[in-house]
Student: 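Sending over a structure as structure tokens; questions will come in a sec.
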Amino acid sequence: MQAEHSSATTTVTLSAPAATPKAAPIDEAAVRAVDRALAALRRGEVVAIETADGTVGAAVSVESVALDTVDRLKALTGGTPRLAVTRRRAVVLGLAAAGAAQPATDIADDQAPGAAEAFGAMTLDRPDGLTADQAHALADPEQYPQAQDALPAGLTATEACPGSREAAAVDLARLARLLPAAITADLPLPVSGGAVRGGAAVSAAEWAAEHDLLLVRASDVADYRVHVVRTLRRVADARVPLVGSENTRIYAFRPADGGPEHLAIVIGEPDPAQPVLARLHSECFTGDLLGSLRCDCGDQLRGAIAEIARQGSGVLLYLAQEGRGIGLVNKLRAYRIQDRGFDTVDANEILGFEADERVYLPAAEMLRQLGFDSVRLMTNNPEKLRQLARCGIAVVERVAHIFPANGHNEAYLRTKAERSGHMF
């Protein structure tokens with residue numbers, strides 16, 4: 001695909017931006033609880049998850065599974081450990097029908113309670129339970145990349161209900177940018193709800209404290225993305241002259257969860273009363289910094305800065321959403337899968353992710369805090385047009401942003417056009 005660089009402007013007709021609903025107060029304790037659970041999963045620790053009915057169970061990331069993990073979960077809970085994976089991963093394994101999962105980008109606003117669970121999760125189990133090795137093999141595409149054979153005998157797959165511990169555990173792993181899979185085990189359920197000690201019910205908090213486990217509520221995991229975006233605050237800014245654009249200022253926005261900062265690169269003096277020329281750029285360590293030829297990200301980043309400078313003013317939002325939202329490590333895993341002949345969409349789905357896991361609420365919030373409510377958007381991706389409108393930002397024009405292939409990324413660009421609808 002040999003496309004020439006283009007900055008042609010196309011007028012687009014979109015529905016009016018979605019009205020921003022009046023937000024409920026942020027539950028800061030809930031945000032902190034999820035943040036701590038994410039850190040614990042990345043360290044390989046077991047976390048406790050409470051559901052709306054007061055029952056509790058334990059979960060650990062599949063990436064962190066050690067030989068004694070399953071035995072520890074059994075000892076902690078008295079339940080049988082099971083594997084929770086995304087629906088996408090279950091489809092790859094031949095254990096679920098395709099077509100029911102919902103992309104991450106459909107999470108748009110506070111009017112989508114529990115939207116994080118819309119990705120879909122499934123529980124894999126067998127009569128005598130799964131070993132740690134079996135669970136890791138089922139979740140790790142390096143072991144079962146596409147095969148539907150050699151699965152453990154008697155393996156069954158069931159839908160994980162919205163609000164369940166399994167759905168929350170999978171989403172925690174996804175938020176932590178680990179493989180989106182977890183081993184879970186539930187405590188026995190007494191009539192009154194909660195855990196059991198000596199035949200009597202105890203609260204989830206009491207049980208978690210007794211076993212020195214971090215406790216998080218499944219509902220807080222589901223609401224986490226929306227709540228974190230609402231905590232974005234501008235924390236620093238400075239003048240940073242760039243080559244070809246000396247009148248540039250960079251603003252840093254930090255979420256309250258302690259996650260990575262998003263950056264706004266403001267060139268010139270854009271007028272908030274007019275639609276601002278804008279580019280949403282998801283960070284790409286390999287393309288932006290190293291000059292990787294596998295993608296067109298570096299060209300898009302530098303080309304956007306040059307085009308904004310040429311037109312006089314605008315803003316580039318540099319979003320901390322590496323690998324279309326799956327993180328750098330998982331992007332490298334996806335590259336290994338692509339090297340076996342799969343395209344970018346298939347590679348993400350084989351890992352258990354959606355083809356594109358990015359969300360655009362942070363971009364909309366940053367634009368609002370900078371004083372902009374309408375944009376002329378530099379993009380080839382129709383999903384960005386739709387999502388910004390859903391997040392309350394008016395997109396009045398699309399500015400094409402196309403660069404030539406380099407011999408290494410032709411298949412990548414073709415997949416963007418044919419499978420993701422990019423407008424080249």
Student: Checking Arg398 side chain against Thr379 main chain: does a donor-acceptor pair fall under 3.5 Å?
Tutor: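 Yes, because the side chain of Arg398 sits within donor-acceptor range (under 3.5 Å) of the backbone of Thr379.
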Student: Please give me the minimum heavy-atom distance between Val221 and Ala168, naming the atom from each residue.
Tutor: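 Looks like CG1-O, 3.8 Å.
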Student: Identify the heavy atoms of Val359 and Gln321 that sit nearest to each other, and give their distance.
Tutor: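 Heavy atoms only, the tightest pair is O-OE1, 2.9 Å.
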Student: With a 3.5 Å distance limit and no angle check, can you tell me whether Arg89 reaches the backbone of Pro180 through a side-chain donor-acceptor pair?
Tutor: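 Pair absent, no side-chain N/O of Arg89 close to backbone of Pro180.
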Student: Could you tell me whether a side-chain N or O of Asp288 sits under 3.5 Å from a main-chain N or O of Cys284, the two making a donor and an acceptor?
Tutor: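 Yes; judged by distance alone, with no hydrogens or angles, the pair exists.
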Student: Does any N or O in the side chain of Arg279 come within less than 3.5 Å of the main-chain N or O of Gly303, such that one atom is a donor and the other an acceptor?
Tutor: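 Not a single qualifying donor-acceptor pair exists.
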Student: So does Asp125 get a backbone contact from the side chain of Thr156, meaning a donor-acceptor N/O pair under 3.5 Å?
Tutor: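 Yes: the side chain of Thr156 pairs with the backbone of Asp125.
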Student: Applying side chain to side chain contact (heavy atoms under 4.5 Å, CB included) between Leu232 and each of His262, Arg368, Arg254, report the one that passes.
Tutor: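 It is His262, the one option of His262, Arg368, Arg254 that forms the side chain to side chain contact (heavy atoms under 4.5 Å, CB included) with Leu232.
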Student: Report the C-alpha distance between Arg72 and Thr69 in whole Å, list the side-chain angles of each, state the deciding distance to 0.1 Å, and finish with yes or no for side chain to side chain contact (heavy atoms under 4.5 Å, CB included).
Tutor: CA-CA 5 Å; Arg72 186 184 175 205; Thr69 302; 5.6 Å; no
Student: With a 4.0 Å cut-off on N to O distance, would you call Asp339 and Arg336 a salt bridge?
Tutor: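 Salt bridge flag = no for Arg336 with Asp339.
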Student: What are the two closest non-hydrogen atoms of Glu365 and Val229, and how far apart are they?
Tutor: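 Between these two residues, the closest heavy atoms are CG-O, 3.9 Å.
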Student: Test side chain to side chain donor-acceptor pair (under 3.5 Å) on Thr55 and Asp53; report intermediate values, then the result.
Tutor: CA-CA 6 Å; Thr55 59; Asp53 60 6; 2.6 Å; yes
Student: Would you confirm whether Gln387, through its side chain, and Lys384, through its main-chain N or O, come within 3.5 Å as a donor-acceptor pair?
Tutor: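 Answer holds: no.
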Student: Closer than 3.5 angstrom, by distance alone: can the side chain of Asn330 be matched with the main-chain N or O of Arg177 as a donor-acceptor pair?
Tutor: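 Confirmed, Asn330 side chain pairs with Arg177 backbone.
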Student: Between the side chain of Glu322 and the main-chain N/O of Phe285, is any donor-acceptor distance below 3.5 Å?
Tutor: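 Checking the backbone N and O of Phe285 against the side chain of Glu322, a donor-acceptor pair under 3.5 Å is found.
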Student: Show your reasoning for whether side chain to side chain donor-acceptor pair (under 3.5 Å) applies to Arg294 and Thr286.
Tutor: CA-CA 9 Å; Arg294 295 190 72 135; Thr286 50; over 6 Å; no
Student: Measuring from Ile337:CD1 to Ile350:CD1, what's the distance to the nearest 0.5 Å?
Tutor: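 Going from the CD1 atom of Ile337 to the CD1 atom of Ile350 covers 5.0 Å.
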Student: Is any NZ, NE, NH1 or NH2 atom of the basic residue among Glu383 and Arg324 found under 4.0 Å from an Asp or Glu carboxylate oxygen of the other?
Tutor: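 No, Glu383 and Arg324 are not salt-bridged.
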